[in-house]
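Notes to accompany the following structure.
Below, read A as the first sequence line, B as the second, and so on, with proteins coming before strands; counting in each chain starts at 1. Hydrogens, waters and symmetry mates are skipped; everything else that's a heavy atom, side chains included, is used.
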Protein chains: 2
Amino acid sequence: MVADTRSKLLDAALETLRTQGIAGVSARSIAATAGVNQALVFYHFGSVDQLLAQAGLHGSTQRVAAYRERFAAVTSLRELLELGRALHAEERKAGNVAALAQLIAGGQTDPKLAPATTDGLNLWIGELEQTLGRVLAGTPLAEFVDVAGLARATAAAFVGLELYEGVDADGAGRAFDALEQLTTLVAALDDMGPLVRRTVRGRLRRAQS
Amino acid sequence: MVADTRSKLLDAALETLRTQGIAGVSARSIAATAGVNQALVFYHFGSVDQLLAQAGLHGSTQRVAAYRERFAAVTSLRELLELGRALHAEERKAGNVAALAQLIAGGQTDPKLAPATTDGLNLWIGELEQTLGRVLAGTPLAEFVDVAGLARATAAAFVGLELYEGVDADGAGRAFDALEQLTTLVAALDDMGPLVRRTVRGRLRRAQS
DNA sequence: GTCTATAGTCGGATAGAC
DNA sequence: GTCTATCCGACTATAGAC
């Protein structure tokens, strides 16, 4: 079946964000990618901004749904990291995180775009938060670190790394390797349970005084 | 003393990146911010792209120099985190990280912009790498994690958090709080020295098999 | 080194035929 | 719902006066 014009424009908006960046999107460039007439952007969405906003949410909804089962299957921090690496590789190829990153960059200065990108980002954050909460339950990490905040930091860092990869692939590779090593350390910390709890409690007391 | 036109354009390029985003920069908008004629962009820099590239390096050079002494004074992970928070607050107000983030977003699709933004980013990374190496020397972190990679991951995450803050300030606040808690955990880990080393070595062996 | 003026292109958005 | 045609503003870049 052939996608209708509305769907074609949503997909084309994401594709154009990915290949041309936020500075290169226009009603004309999106319509050309979709293979439809330029005026249809305004007929269906009213303005380019509104098309971009809907496209961001559309893309995130689609991708998050595709990963939901894999998030649900994660039972350890190490498995979550593995899923993160796989997700990075797959989404990089598909270009969905790249499109989201361009929307976020655009949302910095466009008040109409900011809320829509937040909604798309929150879909990822919600999934991540739920998984982190499950995996970290009963560990020192859950005791001392706000899991919702950690999910937000992770998602933001993910976007930052994606952007970094776009301008320095080698540097980003080294960054990802270091993060994997770091996660191994944290997993080891998690295994140490009670001893770590005692030490960290002492540290927190000192830090607060 | 009044800045010459060249300097005014470099500063105005950063200011315009910050307030209008990469999608809103043009020879006209930059020249208007600088209070000079639009044609001077091409006279002094040849093209808007080349002005942006030079402005990015210019801004980073300036800001990194302003922080060099404070980086050098850091002697612990906790102090480095404190400097990170201060740096975030100060640069957010000045808008320099925001400008760099917009350049990175633009560099994804503009091959002329990518190398220049990498250069600017590398100034920060170099400073961070040196400080991390000094602070982590002799700790388990330095033993198990590539410090250069960690510096790159940190810088990329910093940019991601800055962008996140631009579309969801509340969410970013929670993310920063969680990272502070996480750093306290890592600092505690660092204090535990030999015990952690043994545990982590065992874990790494298991992970590789 | 700085200005005006302008060529030529691309952009958002709309009117109206089909 | 889709098209052509069009208005008009903004853009890059250059030519040429000062």
Side-chain angles (χ1 to χ4, degrees), chain A residues 1-56 58 99 102-103 105-107 109-114 116, chain B residues 1-56 58 99 102-103 105-107 109-114 116:
Chain A
M1 85 149 206
V2 177
D4 61 4
T5 297
R6 219 188 132 78
S7 299
K8 278 197 282 191
L9 281 172
L10 286 171
D11 290 337
L14 293 174
E15 170 75 5
T16 309
L17 271 175
R18 189 175 70 79
T19 55
Q20 316 278 342
I22 186 69
V25 286
S26 69
R28 284 175 157 83
S29 62
I30 294 171
T33 302
V36 305
N37 189 280
Q38 168 261 151
L40 296 176
V41 167
F42 303 96
Y43 175 79
H44 284 286
F45 297 94
S47 71
V48 175
D49 276 356
Q50 291 175 65
L51 166 54
L52 289 180
Q54 290 198 33
H58 167 73
Q102 290 295 322
L103 274 181
T109 53
D110 184 343
K112 290 185 185 100
L113 225 50
Chain B
M1 87 148 207
V2 176
D4 61 4
T5 297
R6 218 188 132 78
S7 300
K8 279 196 281 191
L9 281 172
L10 286 171
D11 290 336
L14 293 173
E15 170 75 4
T16 308
L17 271 176
R18 188 175 72 79
T19 56
Q20 316 277 344
I22 185 70
V25 287
S26 69
R28 282 174 153 83
S29 61
I30 294 171
T33 302
V36 304
N37 189 279
Q38 167 261 152
L40 296 175
V41 167
F42 303 96
Y43 175 79
H44 284 286
F45 297 94
S47 71
V48 175
D49 276 357
Q50 290 174 66
L51 166 54
L52 289 180
Q54 290 198 33
H58 167 74
Q102 291 294 323
L103 274 182
T109 53
D110 184 343
K112 288 184 188 103
L113 225 48

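- At whole-Å resolution of the value, CZ in R28(A) and P in dT4(D) are 12 Å apart.
- As a whole-Å value, the separation of D49(A) CG from dG12(C) P is 10 Å.
- In this structure, the nucleotide among dT14(C), dA13(C), dG12(C) sitting nearest to the side chain of A39(A) is dT14(C).
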>> Using side-chain hydrogen bond (donor to acceptor under 3.5 Å, both in side chains), reason through S29(A) and T16(A) one step at a time and then give a plain yes or no.
In response: CA-CA 7 Å; S29(A) 62; T16(A) 309; 5.0 Å; no
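- One interatomic measurement links the two molecules: CZ of R6(A) to C1' of dT2(D), which rounds to 16 Å at whole-angstrom precision.
- Taking the side chain as every heavy atom from C-beta outward, F45(A) and L10(A) approach each other to under 4.5 Å.
- Nucleotide dG12(C) holds its C1' atom 15 Å from the CG atom of L40(A), rounded to whole Å.
- When rounded to the nearest whole Å, the span between CZ of F42(B) and C1' of dG1(C) equals 16 Å.
- Closest to the side chain of Q38(A), out of dG12(C), dA13(D), dC3(D), is dG12(C).
- Between H58(A) and D11(A), the closest side-chain pair of non-hydrogen atoms falls below 4.5 Å.
- Taking atom CZ of F45(B) as the reference point, atom C1' of dT2(C) lies 15 Å away to the nearest angstrom.
- At a threshold of 4.5 Å between non-hydrogen side-chain atoms, the residues R6(B) and Q54(B) count as touching.
- Between the C1' atom of dT2(D) and the CG atom of L9(A) lies a distance of 12 Å, rounded to the nearest Å.
- Judged by distance alone, the side chain of Q102(B) and the main-chain N or O of I22(B) form a donor-acceptor pair under 3.5 Å.
- Backbone-only engagement by V48(A) is indicated by non-hydrogen atom pairs under 4.0 Å involving sugar-phosphate atoms exclusively.
- In this structure, G35(A) and V25(B) both approach DNA chain D, and ranking their closest nucleotides by distance from the 5' end singles out G35(A).
- Comparing atom distances between the N37(A) side chain and each of dA13(C), dT14(D), dT4(D) picks out dT4(D) as nearest.
- Between Y43(A) atom OH and dA17(C) atom P the separation is 17 Å, expressed in whole Å.
- Between T5(A) and dT2(D) there is a side-chain N or O to OP1 or OP2 distance below 4.0 Å.
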